[in-house]
Amino acid sequence: MILPKATRLTPEQLTEVTGVVTEFGCKIQQIVGAVRTIYAIVGDEREELMINRLEGLDYIDRIDRIQSPFKLMDKRSDLASHRITIGGVTLGEELFVIAGACTIDPKNPNYFYETAAAVKESGANALRGGVWKPRTNPYSFQGDVKSLDILMEASRRTGLPVDTEVMEEAHIALALDAGVHTLQIGARNALNYSLLRAVGKAIAERDTVVLLKRSIHMGPLSEFISAAEYIAAFGNPNVMLCPRGTTPTLDGYRNHPDESITPLLKEKTWAPVVVDPSHSVGKATYVPAAALAAVAYGADGLCIEAHVEPTKGIGDDPKQALTPEVLRKTIAQARQLWAIRKG
Ligand code: PEP
Ligand code: MN
């Protein structure tokens, strides 16, 4: 990482620096921030001669060499002061709650509009709604692009930013064109490196945010953070990490709850942690406790499935969606716990 003396390099300085790293087979990835720009050297930055040449330039303060497979997302990175803002709320300043249906039912849009109104009413910060769905059973409902219009209409009606899962490049383009604020990468695709790269490229020039679920298998934490690095490496580091339970399951829960990894993630990365208690425990009655546990462990946010009438929902909603009343209470208690934690 190149740290100039000024807040950014001039175009001439950038050309000179790019010339040096290119000689050593590296590239410069700029990450443009409001206050300053960060210049990451992509490639093998351990080349001693290259570092000496860069440090010899009078407008360079120093070269920071973090030996980490995720040097942008690493807590020691210069990006550690980067903040992610969605719909005017900055992660870390208040508990960020995303809530809404697992799956939007395109045949009954009113359920989603009513759910959206209830989500707004409950004090959540963003609305979730599944347009395209990864289903274990190939004959189950796979989602419908028509639901994208329903999602955006609900966003207009409530004023809430929206989150939806993308599973292929075509979904990314459609979601961004429609104005989706947060792209969700699901547990099944969390290690799909070509999709991670495609998302990184697509959001590079935007302020879009990614909610990256933890992969379903209990992999090492560095694997999870490295998946986020794949996205950030294209220039937009707005990635939130989302533990959502892993396999093998804990008898009785849908998955093995993993909100307890939050403090461990926070030791390694600056990325906000937004826990999904719904897929973790998989049953509405267990979700409030799992949500509170996540906040106690230090989560910056929650992603909770909710439905105005869960029994009428589709996808996961009949099993794990909270009713508006339980959602309101859970968010209120989670905010109280957040205040205790910060106090
Ligand atoms: C979802 O959020 O509805 C979903 C499918 O999540 P996951 O990828 O965590 O299973
Ligand atoms: Mn779901």
Side-chain angles (χ1 to χ4, degrees), residues 96-106 111-112 115 119 124 126-138 140-144 147-148 150-151 162-168 171-172 175 180-192 195-196 199 209-219 223-224 227-228 231 239-250 253-259 261 273-284 286-287 290-291 294 299 301-308 310-322 327:
F96 191 82
V97 183
I98 307 170
C102 169
T103 308
I104 298 172
D105 181 351
Y111 283 132
F112 192 67
T115 298
V119 163
L127 176 67
R128 61 155 287 155
V131 172
W132 301 283
K133 296 307 299 180
R135 303 304 297 276
T136 310
N137 181 339
S140 298
F141 178 62
Q142 306 282 314
D144 188 330
S147 299
L148 189 55
I150 302 170
L151 179 69
V162 288
D163 157 85
T164 203
E165 177 168 354
V166 289
M167 296 191 293
E168 53 188 75
H171 299 165
I172 302 171
V180 169
H181 312 85
T182 301
L183 301 180
Q184 182 174 313
I185 304 286
R188 293 158 187 82
N189 272 312
L191 299 177
N192 176 344
L195 185 70
L196 297 175
V199 167
V209 178
V210 174
L211 181 71
L212 176 67
K213 298 276 192 107
R214 187 179 184 203
S215 112
I216 253 165
H217 301 285
M218 207 179 271
E223 182 185 81
F224 187 16
I231 299 167
V239 186
M240 308 184 288
L241 298 176
C242 182
R244 48 78 71 204
T246 57
T247 56
T249 55
L250 189 59
Y253 288 153
R254 179 173 177 178
N255 283 292
H256 194 107
D258 61 349
E259 67 280 331
I261 68 169
V273 178
V274 174
V275 171
D276 171 350
S278 302
H279 292 85
S280 170
V281 294
K283 201 168 169 195
Y286 303 138
V287 171
L302 296 167
C303 178
I304 304 176
E305 288 188 343
H307 192 284
V308 69
T311 55
K312 301 280 171 58
I314 58 174
D316 294 328
D317 288 326
K319 277 180 301 184
Q320 59 192 45
L322 300 188
L327 178 68

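All ligand and atom numbering here is 1-based and tracks the order in the structure. All values reported here derive from a predicted model rather than from experimental measurement. All residue numbers refer to positions in the sequence shown, counting from 1.
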#### Entry: From CA spacing to verdict: side chain to side chain donor-acceptor pair (under 3.5 Å), Asn255, His279
CA-CA 7 Å; Asn255 283 292; His279 292 85; over 6 Å; no
#### Entry: Metal-centred angle, SG of Cys102 through the Mn ion (ligand 2) to OE2 of Glu305, rounded to 10 degrees
90°
### Query
Going from CG on Leu302 to CG on Leu327, what distance comes out if it is rounded to the nearest 0.5 angstrom?
10.0 Å
### Query
Stepwise, does the side-chain contact (heavy atoms from CB on, under 4.5 Å) test hold for Leu241 with Arg214?
CA-CA 7 Å; Leu241 298 176; Arg214 187 179 184 203; over 6 Å; no
### Query
Listing by chain and number, which residues have a heavy atom under 4.0 Å from ligand 1?
Cys102, Arg128, Lys133, Pro134, Glu165, Gln184, Gly186, Ala187, Arg188, Lys213, Arg244, His279, Glu305
### Message
Which residue in the set Leu212, Asn189, Val239 passes side chain to side chain contact (heavy atoms under 4.5 Å, CB included) when paired with Leu196?
### Response
Leu212
### Query
Would Asp316 count as a contact for the Mn ion (ligand 2), in the sense that one of its N, O or S atoms lies under 2.8 Å from it?
yes
### Summary
Paired with Glu305, the salt bridge (Lys or Arg N to Asp or Glu O under 4.0 Å) test is passed by just one of Lys283, Arg244, Arg128, Arg254, namely Arg128
### Query
For the side chain of Ser278 and the backbone of Ile304, is there at least one donor-acceptor N/O pair under 3.5 Å apart?
no
### Message
Checking side-chain polar atoms at under 3.5 Å, does His171 have a donor or acceptor matched by the opposite partner on Glu165?
### Response
no
